[in-house]
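To start, the structure under review is shown below, and the notes come after it.
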Amino acid sequence: MTHRIRKLLIANRGEIACRVMATCERLGIKTVAVYSDADRDALHVAMADEAVHIGPAPARESYLVAEKIIDACKRTGADAVHPGYGFLSENPAFAEACQKAGIIFVGPSAQSMRAMALKGAAKALMEDAGVPVVPGYHGDDQSLETLVAEAELIGFPVLIKAVAGGGGKGMRKVYSLEELPSAIEGARREGENSFGDGTLLIEKLIEKPRHIEMQVFGDVNGTAVHLFERDCSLQRRHQKVIEEAPAPGMSAEMRRAMGDAAVKAAEAIGYVGAGTVEFIVDVANGIDGAPFYFMEMNTRLQVEHPVTEAITGQDLVEWQIMVAEGKDLPLAQDEIEMMADGHAVEVRLYAEDPYGGFLPATGKIGLFDPFANVGAGQRIDAGVRAGDAVSIHYDPMIAKLIAWGEDRESAINALIDLVENTPVSGLTTNRDFLISALKDKDFRAGDVHTGFIEAHKNTLLTKPAVSAHDYALASAAILAARHTRIEGTDPWAMADNFRLNLAHSEKLWFENEDGEVITATVAACNSTVTITVADATVDARIIDFDGDTLTLEVDGLRSRLFAEVDEAKVTLVTPERTMVIKRHARDGGLDDEVEGPGTITAPMPGKILDVKVTDGETVEKGQPLLIMEAMKMEQTITAPKAGTVSGLALTPGQQVTGGAVLLTIQDKE
Ligand code: ADP
Ligand code: ADP
Ligand code: MG
């Protein structure tokens, strides 16, 4: 029996909610978003046909409350729910509650979820089905004597896992008998505290593993297929950062064997919908003929599903909807084999600090365009846009960037291009780290394994220093920003030559990461500036600055970079790097105090309320010059020194942006 879904509620947020809606739009299915207090202005809410507010920001009080989701379906007449990933996606009680309420749950049965929920039981089930599992113990007897005896039987090193664990929690590596009792105790405690279950399993620790998983799909008529593998070996904290398909170096023979094992796993539990069977591959002696073992099954759509879509040309969310409607799978296994084409790689762009232990970061996104024109084979899946906040409440993933190519090399190159063309500002991200990982020669050679990032920490996890050349670029950005800032009335905006508001020479100050002051000396002649920092001298010609993009010619070489200038810092995003360079306010006053004329710039964007002086007027130090309204507050701008006012062309009511040159005070002759 089939039922056509007419209105789908997406019980999720962020990129996956937007991703599901994109398919619904194409299929003519109406969409309903749900949102917490923190997500009132979120992209997924804006994209949906209807939206329902479901409570406070903490997920526990909104996105994780099954009754609120079911109630939202009833209020909007949604006939189906897509749970996305995370949140309620692997919650069997929620799937059952949907069923009871007569709402289609786009996902597997509660029974399938339960079969795979505990790692020990799942392993036992897979063993019975003839799927290889990591050698180890997953019995009921949890006494210390038994666990110790089993560990010795397996042979060190071993890995202890809480059967209810997830997200890399509840795991302990043990290298010797002496460490064993305390590791058992620790893992048990973590299992109890985090997952309410201290039951443990022990398995052989694979010392050089690759994480390779198989995408599977089943329908209500009992057919199951796989859509090839994804290699997700590049991990930090046991979580994925870069994923690709196919797995580098995997032979057709191994693919067939792993595919068969995955389909067998799905069939063993009568699986319906999209699922992923995760395997661990022991590559100590290379990938050729390497043994692989079942690790766990994720009973939902996976974050990294776009790489599979890229190599098969299929829309997996559409498949999920078809299966949920009771239809047959659209393609048979041999037809899927014929669709496979090329290579795809995905990176997860996170708000996190790779140079600080990958700690999650929060903040407001300055620059980021999820709707940027991407090239053929490139894709951005995002749930945020410029101006949105990444908060402490949810996952810090900003976007997924995906690229397809005819082979691995061209896919990686296309992805590097995409990441380099996607500047992000306003908060700490892993963008630069992703670029260096994609460019790493061992990664490019396909020598990936789960310890890759740690093994390459010297090159991947060391923050590159800001060079003298970088400070020079920051100086050029400050000068360029001054020029374009007075909106509308800029007398030079149309001029061909970029005239800089600079007499002979001036100094700009920055602060390096150790808090030391860096001085840049700038000398200008028309639009060319000579900037000296330490021993380095850079000649830069400022070609254009539109407020975002700065075009420079440095030693005859033209380049474009994103620049954001404010009183406290200069943010520069070049294709490869993101730099936030602190400005140092010399003498606590204006940072660009000059020898010669005193240039007065707007401390922040705002409106001119009153002009207290006229052009050419002589003023005393401290005399009020202008009254500005900024950040809803009035500010009086006073003369930093005595002199004659020049270059004043402001009228009350005029808007100015931060850093705009307002007027100059010339020294008295
Ligand atoms: P994948 O293999 O798809 O990367 P993860 O285990 O990384 O799967 O989880 C996918 C997403 O699901 C994560 O980004 C996270 O936000 C969410 N997630 C994972 N586990 C939980 C959990 N226990 N509770 C809430 N969200 C979770
Ligand atoms: P989780 O539920 O936290 O995702 P998994 O069992 O999927 O737990 O394991 C997470 C990660 O831990 C794997 O992707 C892999 O990197 C590592 N891992 C798991 N089992 C082993 C093992 N036996 N030997 C070495 N590494 C392992
Ligand atoms: Mg896992």
Side-chain angles (χ1 to χ4, degrees), residues 85-86 89-91 113-127 131-138 150-151 153-175 183 186-187 190-191 193-197 199-216 229-244 247 258 262 265 274-285 290-305 348 358 395 448-455:
Y85 53 74
S89 63
E90 293 181 278
N91 184 319
M113 287 184 199
R114 286 202 179 98
M116 290 298 177
L118 297 177
K119 292 180 198 295
K123 276 181 84 174
L125 192 71
M126 290 301 107
E127 249 177 336
V131 176
V133 300
V134 188
Y137 173 76
H138 43 264
E150 291 290 344
L153 214 61
I154 297 163
F156 292 97
V158 298
L159 185 67
I160 299 175
K161 287 185 189 174
V163 296
K169 263 194 174 168
M171 302 206 301
R172 290 282 189 290
K173 292 177 183 173
V174 184
Y175 292 88
E190 214 165 285
N193 290 345
S194 303
F195 310 102
D197 186 346
T199 312
L200 304 177
L201 64 78
I202 309 179
E203 59 189 34
K204 182 86 199 140
L205 176 77
I206 296 165
E207 295 191 77
K208 193 183 178 188
R210 268 167 71 170
H211 173 121
I212 302 180
E213 58 185 35
M214 279 278 165
Q215 175 69 55
V216 294
E229 79 282 5
R230 292 182 289 256
D231 192 311
C232 312
S233 297
L234 257 80
Q235 305 182 346
R236 45 106 182 84
R237 288 193 269 110
H238 298 296
Q239 289 175 338
K240 304 154 185 170
V241 234
I242 301 184
E243 302 107 340
E244 60 182 304
M258 196 182 274
T276 295
V277 184
E278 295 189 337
F279 293 94
I280 190 153
V281 185
D282 188 345
V283 293
N285 300 309
F292 64 84
Y293 310 102
F294 169 86
M295 202 158 45
E296 65 167 348
M297 180 169 184
N298 295 323
T299 52
R300 54 170 160 87
L301 188 69
Q302 202 101 333
V303 175
E304 56 276 18
H305 74 277
R348 299 189 190 188
F358 290 101
D395 194 273
V448 292
H449 56 97
T450 62
F452 184 93
I453 292 171
E454 181 59 25

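When a ligand or atom number is given, it counts from 1 through the structure's own listing order. Sequence positions, counted from 1, serve as the residue numbers for this chain. Values below: every heavy atom of this structure, side chains too, minus hydrogens, waters and symmetry copies.
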Could you list the atoms of ligand 2 found under 4.0 angstrom from a heavy atom of [X]?
{"X": "Leu205", "result": "24 (N), 25 (C)"}
{"X": "Gly165", "result": "2 (O)"}
{"X": "Glu278", "result": "7 (O)"}
{"X": "Thr450", "result": "16 (O)"}
{"X": "Ile280", "result": "18 (N), 20 (N), 21 (C), 22 (C), 24 (N), 25 (C), 26 (N), 27 (C)"}
{"X": "Glu203", "result": "20 (N), 21 (C), 22 (C), 23 (N)"}
{"X": "His211", "result": "14 (O)"}
{"X": "Met171", "result": "12 (O)"}

Would you give the length of the straight line joining atom CG of Leu234 to atom NE2 of His449, rounded to the nearest 0.5 angstrom?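 Answer rounded to 0.5 Å: 8.5 Å.
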
Taking all non-hydrogen atoms of both residues, which atom of Ile212 and which atom of Asp231 are closest, and how far apart?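 Taking every non-hydrogen atom into account, CG1-OD2, 3.8 Å.
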
Closest N/O/S atom of Glu278 to the Mg ion (ligand 3), by atom name? OE1

For the Mg ion (ligand 3), which N, O or S atom of Glu296 is at the shortest distance? OE2

Expected output: side-chain [X] to main-chain [Y] donor-acceptor under 3.5 Å:
{"X": "Gln215", "Y": "Gly275", "result": "yes"}
{"X": "Gln235", "Y": "Thr450", "result": "no"}
{"X": "Ser233", "Y": "His211", "result": "yes"}

According to side-chain contact (heavy atoms from CB on, under 4.5 Å), who are the partners of Lys161, at least two apart in sequence or on a separate chain? Lys119, Leu159, Met171, Leu201, Glu203, Met295

Output yes when the distance from some N or O of ligand 2 to some N or O of Lys169 is under 3.5 Å, and no in every other case.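 Min N/O separation from ligand 2 is not below 3.5 Å for Lys169.
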
If you measure every N/O of Ile206 against every N/O of ligand 2, is any gap under 3.5 Å? yes

Report yes or no: does [X] have a heavy atom closer than 4.0 Å to ligand 2?
{"X": "Gln239", "value": "no"}
{"X": "Lys173", "value": "no"}
{"X": "Lys161", "value": "yes"}

Are there more than 12 heavy atoms of other residues, nucleotides or ligands under 6.0 Å from atom NZ of Lys169? no

Option among His305, Glu213, Glu278 that satisfies the side chain to side chain donor-acceptor pair (under 3.5 Å) test with Arg230: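 So, applying the side chain to side chain donor-acceptor pair (under 3.5 Å) to Arg230 and each of His305, Glu213, Glu278, only Glu213 qualifies.
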
Out of Lys119, His238, Lys204, indicate the one that has the non-hydrogen atom closest to atom 5 (P) of ligand 2. Lys119

With sequence neighbours excluded, tell me which residues meet salt bridge (Lys or Arg N to Asp or Glu O under 4.0 Å) with Lys208.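 If we apply the salt bridge (Lys or Arg N to Asp or Glu O under 4.0 Å) test to Lys208, skipping adjacent residues, the hits are Asp447.
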
Checking side-chain polar atoms at under 3.5 Å, does Gln302 have a donor or acceptor matched by the opposite partner on Glu243?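 Not at all, the side chains of Gln302 and Glu243 share no donor-acceptor pair under 3.5 Å.
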
